[in-house]
Amino acid sequence: ASDMQEPTIADMSIMDEHIVVESKTRISSICNNLSVNPGNAVLVKKGSEILGVVTAKDIFRAMSEGANAAKLRVDKIMREEILAIRGDTPLSKGLDKISESNPDAIIVVDESDNFVGYFSLRDYRESTRKLEAYQLMAARLKRSKSAITEKIEKEESKSDLLNLLLGGNEDEDDDEVDVPSMISLE
């Protein structure tokens with residue numbers, strides 16, 4: 001456990017900021033939820049599969065075009081670019097995938113492709129921060145490890161008399177090789 005594990009997609013708060021509804025659900029029946037949580041994503045499913053996403057913005061757009069909320073079904077206005085990411089995906093890989101595909105919504109699935117959560121815009125922002133913090137910590141850990149190793153190596157080389165006499169500094173050797181070649185040029 002001495003090696004820090006990179007945080008994964010599932011480490012984010014993927015249980016909130018969404019509701020899941022059947023594809024035949026009428027717009028009017030989700031408006032109550034959205035009036036309380038206007039930022040929620042409404043994930044539209046058929047059977048166990050998530051087909052699309054509807055947000056408050058999509059509903060407003062439909063209404064402005066004269067849609068009847070009591071009659072209109074969510075699957076008629078849903079956006080369908082859904083990116084599914086496994087929960088055990090390391091954040092760095094997950095964030096790369098997300099920025100490559102620019103999806104309408106990101107869902108989190110388990111190893112059997114079952115829906116386990118929703119990766120929101122807020123999760124995305126928080127995960128970039130979390131990843132930066134992790135990478136800083138990991139770099140710091142690496143630096144202190146190599147500093148310790150360096151110290152041990154120095155102690156060992158001091159005890160090595162030959163090394164001491166040769167002054168084991170490779171940079172100086174390089175300079176000495178350069179000098180004769182410059183002289184022979186002139």
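Residues: numbered from 1 along the sequence shown.
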Only distances under 3.5 Å count here; give the side-chain donor-acceptor pairs of residues 61-71 to other protein atoms, sequence neighbours excluded, each with its distance to 0.1 Å.
residue	atom	partner	partner atom	Å
Arg61	NH1	Asp58	OD1	3.2
Ser64	OG	Arg61	O	2.6
Asn68	OD1	Ala70	N	2.9

Do the side chains of [X] and [Y] join up, straight or via other hydrophobic residues, at under 4.5 Å, putting them in one cluster?
| X | Y | value |
| --- | --- | --- |
| Val53 | Met78 | no |
| Val20 | Val44 | no |
| Ile107 | Ile19 | no |
| Val54 | Ile82 | no |
| Leu83 | Val109 | no |

[atom1]/[X] to [atom2]/[Y] distance, rounded to the nearest 0.5 angstrom?
| X | Y | atom1 | atom2 | value |
| --- | --- | --- | --- | --- |
| Ile106 | Ser101 | CD1 | OG | 7.0 Å |
| Leu95 | Leu131 | CG | CG | 6.0 Å |
| Ser23 | Lys76 | OG | NZ | 9.0 Å |
| Ile98 | Thr128 | CD1 | OG1 | 10.0 Å |

For residues 90-108, which residue pairs qualify under salt bridge (Lys or Arg N to Asp or Glu O under 4.0 Å), counting only residues two or more places apart or in two chains? Arg79-Asp104
Could you note down all residue pairs passing salt bridge (Lys or Arg N to Asp or Glu O under 4.0 Å) where residues 120-130 supplies at least one of them, sequence neighbours left out? Glu17-Arg122
side-chain hydrogen bond (donor to acceptor under 3.5 Å, both in side chains) with Ser92: which residues, sequence neighbours excluded? Glu6
Across all chains, not counting sequence neighbours, the side-chain hydrogen bond (donor to acceptor under 3.5 Å, both in side chains) partners of Asp110 are Asn114
Which atom names give the shortest non-hydrogen contact between Gly94 and Ile85, and what distance separates them? O-CD1, 3.9 Å
Do you know the tightest heavy-atom contact between Ile9 and Arg86? CB-O, 4.0 Å
List the residues meeting ring pair (Phe, Tyr, Trp, His ring centres under 6.0 Å) with Phe60, not counting sequence neighbours, and say none if there are none. none
By ring pair (Phe, Tyr, Trp, His ring centres under 6.0 Å) - contacts of Phe119 (at least two apart): none
Applying side chain to side chain contact (heavy atoms under 4.5 Å, CB included), can you list everything that pairs with Thr25, at least two apart in sequence or on another chain? Val21, Glu22, Ser29, Ile30, Val74
Can you name the side chain to side chain contact (heavy atoms under 4.5 Å, CB included) partners of Ala138, sequence neighbours left out? Tyr134
Pairs involving residues 12-43, ordered by first then second residue, that meet ring-ring contact (aromatic ring centres under 6.0 Å, His included) (sequence neighbours left out): His18-Phe115, His18-Tyr118
Which donor-acceptor pairs under 3.5 Å do the side chains of residues 31-43 make with protein atoms, sequence neighbours left out?
residue	atom	partner	partner atom	Å
Asn33	OD1	Asn40	ND2	3.1
Ser35	OG	Asn32	O	2.7

Share the residues that join Leu136 in a hydrophobic cluster, the rule being Ile, Leu, Val, Met, Phe, Trp or Tyr side chains under 4.5 Å apart at the heavy-atom level. none
Within the structure provided, determine whether Leu91 and Met12 are in side-chain contact (heavy-atom separation under 4.5 Å). yes
